[in-house]
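Input: a single structure, listed below in structure tokens.
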Amino acid sequence: MKVKQKYNHYWLMKSEPSVFSIEDLRQAENQTNFWDGVRNYQARNMMRDQMKIGDLAFFYHSSCKVPGIVGVIEVIKSAYPDKTALDPNSPYFDPRHTKQNPRWFGVEVKLVKIFDKIIPLEILKKNTKLSDLALVKKGNRLSIMPVPESAWLEILNSKN
DNA sequence: GCCAACGTTGGC
DNA sequence: GCCAACGTTGGC
């Protein structure tokens with residue numbers, strides 16, 4: 001029996017604002033950008049194999065004073081090889097990645113909305129309805145993760 | 001800047 | 001293929 005693949009449509013994508021913030025995305029050409037620098041296989045696989053055009057994602061600021069969700073972005077182009085892996089001068093350079101045999105991928109995203117106020121991680125952690133969200137689970141380090149629809153809606157609802 | 005909790009690497 | 005050592009993430 002053929003099992004129908006169930007696709008997720010909501011994601012969360014982390015970025016350090018000192019490297020690339022949602023404000024940088026707002027100022028980018030067409031408010032779009034290639035999501036480069038992902039060097040984790042789980043995160044790569046989700047981008048490469050599951051993210052589809054039209055999928056929505058929370059933009060999350062990590063490793064900063066107040067980590068949290070700062071807005072929404074949309075996938076406008078599905079995954080293709082990450083050029084920064086070819087560049088010896090890039091911090092994301094990986095000699096195992098070649099044009100013929102690419103190892104790392106990214107998607108193109110476009111800004112949808114910047115929230116008036118950040119939704120801090122601290123608040124998300126306190127919300128008992130979000131217990132199935134990978135972000136609030138102990139030890140989570142994934143830079144890209146699926147967001148269950150229920151959690152997506154709850155987070156949007158929770159901001160006043 | 002510390003360090004827990006991961007993921008990755010490489011010797012065997 | 002195991003697993004110790006090492007590197008990285010990211011909240012605090």
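Small disclaimer: the values here were computed from a predicted structure and weren't measured. Protein chains get the first letters and strands the later ones, always in sequence-line order, with residue 1 at the start of each.
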For [X] and [N], what is the distance between atoms [atom1] and [atom2] respectively, to the nearest whole Å?
X      : N      : atom1 : atom2 : result
A:H61  : C:dT9  : NE2   : P     : 17 Å
A:L135 : B:dA5  : CG    : C1'   : 15 Å
A:K126 : C:dG11 : NZ    : P     : 16 Å
A:M145 : C:dT9  : CE    : P     : 14 Å
A:L12  : C:dG10 : CG    : C1'   : 13 Å
A:D94  : C:dG7  : CG    : P     : 16 Å
A:I144 : B:dC6  : CD1   : P     : 19 Å
A:N140 : C:dT8  : CG    : P     : 19 Å

*Give A:Q42 one of three labels, base, sugar-phosphate or nothing, depending on what nucleic acid heavy atoms sit under 4.0 Å from its own.*
sugar-phosphate
_Backbone N/O of A:H9 and side chain of A:K52: donor-acceptor pair under 3.5 Å_ = no
*Are the side chain of A:H97 and the backbone of A:P81 linked by a donor-acceptor contact shorter than 3.5 Å?*
no
Just to confirm, is there a sub-4.0 Å distance from OP1 or OP2 of [N] to any side-chain nitrogen or oxygen of [X]?
X      : N      : result
A:K138 : B:dA4  : no
A:K125 : C:dC12 : yes
A:Y60  : C:dG11 : yes
A:R141 : B:dC3  : no
A:K14  : C:dG10 : yes

*For the residue pair A:Y80 and A:F34, does the interplanar ring angle fall in the parallel (under 30°), tilted (30 to 60°) or perpendicular (over 60°) class?*
tilted
_Testing the basics here: between A:M47 and A:F105, what is the closest heavy-atom pair and its distance to 0.1 Å?_
CE-O, 3.0 Å
*Given B:dT9, C:dG10, B:dT8, the nucleotide with the shortest approach to the side chain of A:N40*: B:dT8
*Hey, what do you get for CD1 (A:I155) to CG (A:N127), rounding to the nearest 0.5 Å?*
8.0 Å
